[in-house]
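These notes are about the structure you will find just below.
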Amino acid sequence: MTSPNGPPPESQPDKSENDSPPPRLNFIQEIVEDDLRTGKWGGRVHTRFPPEPNGYLHIGHAKSICLNFGLALKYGGLCNMRFDDTNPSKEEEEYVQSILADIRWLGFGWDDRLYFASDYFEQLYDWAVQLIQAGKAYVCDLTPDQVREYRGTLTQPGRESPFRNRSVAENLDLFARMRAGEFPDGARTLRAKVDMASPNVNMRDSVMYRILRATHHRTGDAWCIYPMYDFTHGQCDSIERITHSICTLEFENHRPLYDWFIESLGIYHPQQIEFARLNLTYTVMSKRRLLELVTGKHVSGWDDPRMPTLAGLRRRGYTPESIRLFCERIGVAKFNSTIEISQLENALREDLNRRAPRVMAVLRPLKVVIDNYPAGKTELLEAVNNPEDPAAGSRQVPFSRELYIEDDDFREVPPKKYHRLSPGVEVRLRYGYLVTCTSVEKDPQTGQPTVVHCTYDPATRGGNTPDGRKVKGTIHWVSAGEALKAEVRLYDHLFKTENADEVPPGGSYLQNLNPDSLVVATALVEPSLATAKAADFFQFERQGYFVVDQDSRPGALVFNRSVSLRDTWAKIEKKA
RNA sequence: UGGGGAAUAGUGUAACGGUAGCACGAGGCGCUCUGGACGCCUUAGUCUAGGUUCAAAUCCUAGUUCCCCAGCCA
């Protein structure tokens with residue numbers, strides 16, 4: 001059976017008749033499958049999503065959430081929810097609630113496995129004592145400046161702290177007194193006794209505990225010392241018996257330290273795997289900057305529909321399905337990459353195309369009068385709700401002598417390849433009638449068209465052409481008498497450059513904010529929208545996908561544009 | 001002559017010594033009561049230089065470029 005590396009056989013022996021698509025696994029799924037095969041963790045897959053509650057979740061977190069919860073789902077394992085809340089000066093209950101809500105909205109759950117690093121403070125303290133007893137940790141009196149100085153540089157080794165060789169007894173006493181609140185904030189730290197000459201600066205006697213009097217969102221004032229992330233994270237994963245501790249690339253340098261703690265403590269040792277965080281064009285992703293956009297009032301809040309936060313995307317009209325689809329498509333790797341925002345937008349279009357009810361709405365209204373249509377008459381015409389989904393049925397839309405069409409759907413002098421309305425040209429009013437433009441009234445001052453006059457062909461009711469004739473253009477419209485006014489918020493990219501950081505020396509990314517990222521217009525929408533509720537989504541035919549904003553009220557509808565439809569005409573026109 | 005990572009079409013991501021494929025983008029055609037959707041086609045890639053091999057994106061050697069690390073942040 002076995003043969004040396006010979007030439008490949010002519011035919012593919014392994015190809016089965018019904019060739020199922022090859023399983024395209026990312027490198028983490030491969031590790032998990034390998035582990036499952038070898039029984040490394042006894043067949044268990046247990047991950048966790050461990051955010052710090054110091055800000056809102058963004059699309060980058062969604063990648064990690066989909067990865068961690070997705071792995072558990074795919075391999076019949078579990079994924080814990082855990083907050084890394086070791087720095088009370090930055091963390092707030094508001095953030096834990098928003099984070100939990102966002103993850104649920106995304107479609108993931110954790111049953112009763114909601115944990116907090118702060119739940120483990122007592123255990124962490126005991127482990128710190130254990131390391132002191134083992135001679136592997138010491139209380140250090142150096143000031144922050146001195147610590148930095150003693151640490152050395154990236155190219156030069158550090159020097160040992162003069163407090164490094166205190167006795168176990170003294171360390172035990174001092175550490176107990178740190179906890180008891182005998183020393184002021186920042187006066188001392190507990191440090192790991194590792195190696196001040198290590199080329200990895202994380203190993204140069206990393207700080208384990210600092211004295212910090214701040215009220216913790218969960219433990220209140222019970223503690224005045226708090227463990228550092230580095231002394232916390234790995235042990236939390238250990239306590240929860242996590243199998244695969246998935247984190248982002250920047251923690252790769254910390255892995256030896258985590259390993260050192262866990263080995264020194266002799267406790268369960270999860271496997272850490274690092275992947276590249278998500279970057280997107282035309283936006284920023286760091287928590288610092290998102291916070292800055294909010295506090296600097298550059299956006300209306302964490303849930304501003306221009307923000308890449310999950311709260312913002314949700315309000316923008318992004319669906320959980322579209323975000324999950326996006327995360328699946330971008331893959332997972334160790335290469336620092338920047339995904340084009342069109343990839344995200346396309347995932348939304350793909351989801352909404354299938355599901356969004358179609359509706360007619362005129363964003364920039366231009367009046368049309370059908371001169372040969374009886375005044376005062378209104379008839380109801382049937383419109384298909386979703387051509388992608390026959391089960392969605394149809395609805396009635398009113399039609400009358402006076403209508404509004406999209407300003408852009410009429411040109412007095414049509415450019416080449418323009419298929420819409422212009423003098424002498426016949427177009428179809430979608431689900432209505434075929435109409436021909438006979439004349440146009442214009443504003444004497446500006447020359448802008450104010451009223452377009454047409455005649456209609458009564459034989460084309462419903463938009464049909466019994467004689468089989470073709471029209472090049474089909475445009476949308478609303479009946480003047482029945483249309484509803486609605487506020488529409490037309491959103492565009494938050495930044496005008498792909499890379500927000502592309503600024504002249506000394507400049508700020510804020511200079512790249514797109515001044516047109518929000519344009520508000522008053523639209524006229526068909527009356528069926530009267531009862532639309534917040535979060536309902538629609539396709540405004542030929543325009544884009546819109547969602548009802550939370551600000552919307554009956555009689556004062558507000559729609560957010562989630563994403564526009566692909567616009568081939570815009571491309572043609574741009575080229576000309 | 002600090003350490004740790006990473007390099008595949010424009011952007012991402014597969015191919016695990018044996019036909020470099022997929023998605024998005026871009027360009028074109030068809031179809032269409034949405035210039036949408038859908039279908040078809042085209043464009044375009046293994047960081048560089050050597051080496052091993054019948055065969056290299058994959059293995060080896062050397063180089064290049066990019067990212068991360070000197071918080072009592074996470």
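So you know, we letter chains A, B, ... as the sequences are listed, proteins then strands, and number each from 1.
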Subject >> Under 4.0 Å protein heavy-atom contact, by nucleotide of nucleotides 68-74 of chain B - B base, S sugar-phosphate only >> reply: BBBSBSB
For the [atom1] atoms, the ones on [N] and on [M], what distance do you get once it is rounded to whole angstrom?
N: B:G51; M: B:A57; atom1: P; value: 15 Å
N: B:U46; M: B:A56; atom1: C1'; value: 10 Å
N: B:C24; M: B:G39; atom1: P; value: 10 Å
N: B:G10; M: B:C73; atom1: C1'; value: 37 Å
N: B:C38; M: B:C31; atom1: C1'; value: 8 Å
N: B:A49; M: B:A14; atom1: P; value: 25 Å

Once hydrogens and angles are ignored, does a donor-acceptor distance under 3.5 Å link the base of [N] to the side chain of [X]?
X: A:Gln539; N: B:U34; value: yes
X: A:Glu388; N: B:G36; value: yes
X: A:Arg329; N: B:U13; value: no
X: A:Arg349; N: B:G36; value: no

Mind checking if [X] touches a base, just sugar-phosphate, or nothing, with heavy atoms under 4.0 Å?
X: A:Ile339; value: sugar-phosphate
X: A:Arg255; value: nothing
X: A:Arg354; value: nothing
X: A:Val471; value: nothing
X: A:Pro157; value: nothing

Subject >> Pairwise 5' ranking along RNA chain B for A:Lys417 and A:Glu350, keeping only the more 5' one >> reply: A:Glu350
Subject >> salt bridge (Lys or Arg N to Asp or Glu O under 4.0 Å) contacts touching residues 191-219 of chain A (sequence neighbours left out) >> reply: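 Listed by first then second residue: A:Asp119-A:Arg218, A:Arg164-A:Asp205, A:Asp185-A:Arg213.
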**OP:** May I have all residue pairs that pass salt bridge (Lys or Arg N to Asp or Glu O under 4.0 Å) and include part of residues 564-576 of chain A, sequence neighbours excluded?
**Re:**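 Non-adjacent pairs meeting salt bridge (Lys or Arg N to Asp or Glu O under 4.0 Å): A:Arg411-A:Glu573.
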Original post:
Distance from A:Glu149 atom CD to A:Thr143 atom OG1, nearest 0.5 Å?
Top reply: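 These two atoms lie 8.0 Å from each other.
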**OP:** Give, for atom CD of A:Glu250 and atom CD of A:Glu274, the distance between the pair rounded to the nearest 0.5 Å.
**Re:** 9.5 Å
Under a 4.0 Å N-O cut-off, is there an ion pair linking [X] with [Y]?
X: A:Glu240; Y: A:Arg82; result: yes
X: A:Glu526; Y: A:Arg395; result: yes
X: A:Lys90; Y: A:Glu52; result: no

**OP:** Would you please classify the geometry between the A:Tyr229 ring and the A:Phe251 ring as parallel, tilted or perpendicular, with 30° and 60° separating the classes?
**Re:**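 Geometry flag for A:Tyr229 against A:Phe251: tilted rings.
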Original post:
If every non-hydrogen atom of A:Thr319 is compared with every non-hydrogen atom of A:Leu348, which pair is closest and at what distance?
Top reply: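 Where A:Thr319 meets A:Leu348 most closely, the heavy atoms are N-CD2, 4.0 Å.
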Subject >> Minimum heavy-atom distance A:Met360-A:Val397, with the two atoms named >> reply: CE-CG2, 4.4 Å
Using a cut-off of less than 4.0 Å, is there contact between a side-chain N or O of [X] and OP1 or OP2 of [N]?
X: A:Thr281; N: B:U11; result: no
X: A:Thr568; N: B:G36; result: yes
X: A:Arg566; N: B:G25; result: yes

Subject >> Audit row: A:Met208, A:Thr189, side chain to side chain contact (heavy atoms under 4.5 Å, CB included) steps and yes/no >> reply: CA-CA 7 Å; A:Met208 295 164 59; A:Thr189 56; over 6 Å; no
Protein and nucleotides 7-10 of chain B: nitrogen or oxygen contacts under 3.5 angstrom:
{"unit_1": "B:G10", "atom_1": "N2", "unit_2": "A:Glu340", "atom_2": "OE1", "d": "3.2"}

**OP:** Mind running a 4.0 Å heavy-atom check of residues 428-435 of chain A against RNA chain B and sending the residues that fall below it, in number order?
**Re:** A:Arg428, A:Arg430, A:Tyr431
Subject >> Donor-acceptor contact present, side-chain A:Thr460 to main-chain A:Asp457, <3.5 Å >> reply: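 Such a contact is found between A:Thr460 side chain and A:Asp457 backbone.
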Original post:
Applying the ring-ring contact (aromatic ring centres under 6.0 Å, His included) test to A:Phe559, which of A:Tyr545, A:Phe540, A:Phe537 qualifies?
Top reply: A:Phe540
Original post:
Applying the ring-ring contact (aromatic ring centres under 6.0 Å, His included) test to A:Trp477, which of A:Tyr433, A:Phe399, A:Tyr404 qualifies?
Top reply: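 Result: among A:Tyr433, A:Phe399, A:Tyr404, A:Phe399 is the only option passing the ring-ring contact (aromatic ring centres under 6.0 Å, His included) with A:Trp477.
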**OP:** Looking only at side-chain atoms of A:Ser342, point me to the closest of B:C24, B:A14, B:G5.
**Re:** B:C24
Subject >> Pair pattern of RNA chain B in dot-bracket, where unpaired bases get dots and | marks partners in another strand, Watson-Crick or G-U under 3.5 angstrom >> reply: .((((((..((((....[..)))).(((((.......)))))....(((((..]....))))))))))).....
Subject >> Test: A:Arg179 cationic atom under 6.0 Å from A:Trp223 six-membered ring centre, within 45° of axis >> reply: yes
